[in-house]
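The block underneath contains the structure these notes are about, expressed in structure tokens.
Just so you know, these numbers use all the heavy atoms, side chains as well, and skip hydrogens, waters and symmetry mates. Each chain gets a letter, A, B and so on, in the order the sequences are listed, and its residues count up from 1.
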There are 2 protein chains.
Amino acid sequence: MTATQELTKNQSLVFNALARADGPLSAYTILDQLRNDGFRAPLQVYRALDKLLDYGMIHRLESINAFVACAHPHSHSHGHGMIAFAICEKCGQVSEFSDDIITGRVREWTNSNGFKQSKTTIEIRGVCANCGTA
Amino acid sequence: MTATQELTKNQSLVFNALARADGPLSAYTILDQLRNDGFRAPLQVYRALDKLLDYGMIHRLESINAFVACAHPHSHSHGHGMIAFAICEKCGQVSEFSDDIITGRVREWTNSNGFKQSKTTIEIRGVCANCGTA
DNA sequence: TTCGATATGTGATGTTATTACATTTGTCAA
DNA sequence: TTGACAAATGTAATAACATCACATATCGAA
Ligand SMILES: [Zn+2]
Ligand SMILES: [Zn+2]
Ligand SMILES: [Zn+2]
Ligand SMILES: [Zn+2]
């Protein structure tokens, strides 16, 4: 799965809701936005979110129970590096970046401890540059 | 606040529940464990958890909505370094560690992007050495 | 066309966290 | 001692987030 047009109807609706948003959305916010498109139940949203997560098109922000469209949609799964998110607690803006050194240090720890990593969450909460100067 | 004996009754009960557990507990699991001690409502747990988080005696694991007693209770707030958690999805065991290089790289990103960090979550999900060999 | 895999619709339920308000307890200064 | 304030507690209700169970529909390959 690489392109939007291969998504199913519900998956497209959910992805487009996230893509046009200026920040992360909760599943229930997405549900409310899609009522007019026929959405009636949370599961319609969660099922689409699960697929979009599989496809690497969106990310889940664990610390705020919300979802965001991937900011780097053309770097497939971000190589194999870990992704970090800086989340502004004032305006909700999310910056997505990856750092090979962080990725390497985490891998060193997991290797030397025999830990088989499956998914890693790195989320920085705080106040972004715009909101900090206000 | 540095020692257990300065905690209030409810705070002590919640902290001890976490301290004797062999892994992270959800707030409602703690509530159930403390029914016999007079706990009746979620808020009694959440209020104690908030204080214990303030005191740095416990941590919240964002990716599994659970809480765990700090594994390094004598290193006050872990210096000022960020803490990473490796969470086994098989047995629930949590390993807590900090890495100055990761801390430094995150700080470099926030500094160069004008982002004022308040709290950072690093959680590695996977399978621990014990469970991997089974 | 028939079968299986995938996707969808819907209601009910389960899990996690907060709001609102009343009461109690501890601290300290007048 | 007492009044006043801060901190802690008790309780019910509600909000927010997520999944289960079951029925139906859609699509592609055999
Ligand atoms: Zn991304
Ligand atoms: Zn901001
Ligand atoms: Zn700790
Ligand atoms: Zn394990």
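Taking atom CG of A/L52 as the reference point, atom C1' of C/dT6 lies 15 Å away to the nearest angstrom. Rounded to a whole Å, the CD atom of A/Q11 is 11 Å from the C1' atom of C/dT8.
Protein chain B contacts DNA chain D over a range whose 5' and 3' limits, counting nucleotides with an atom under 4.0 angstrom from a non-hydrogen atom, are D/dA8 to D/dT11.
The residues B/D50 and B/R47 are annotated as not salt-bridged, no charged nitrogen and carboxylate oxygen being separated by less than 4.0 angstrom. Look at B/E62 and B/R60 and you find a salt bridge, because one of the NZ, NE, NH1 or NH2 atoms lies within 4.0 Å of a carboxylate O, short of that distance.
Note: B/F97 and A/W109 have parallel aromatic rings, judged against thresholds of 30 and 60 degrees for the angle between ring planes.
Residues A/L31 and A/I58 are members of one and the same hydrophobic cluster, defined by side-chain heavy-atom contacts under 4.5 angstrom among Ile, Leu, Val, Met, Phe, Trp and Tyr.
For the OP1/OP2 pair of C/dT8 and a distance below 4.0 Å, the side-chain nitrogens and oxygens of A/T8 include at least one atom meeting the criterion.
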Steps toward side-chain contact (heavy atoms from CB on, under 4.5 Å) verdict (B/F115, A/I124): CA-CA 9 Å; B/F115 191 93; A/I124 309 166; 3.9 Å; yes

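Residue A/L53 holds its CG atom at 6.0 Å from CZ of A/F67, rounded to the nearest 0.5 Å.
Taking every heavy atom of both residues into account, B/C91 and B/C128 meet most closely at SG-SG, 3.9 Å. Pairing each heavy atom of B/V45 with each of B/V14, the nearest pair is CA-CG2, 4.4 Å.
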Where protein sits on nucleotides 10-20 of chain C, one letter per nucleotide: B base, S sugar-phosphate only, - none, heavy atoms under 4.0 Å: B-----BBBBB

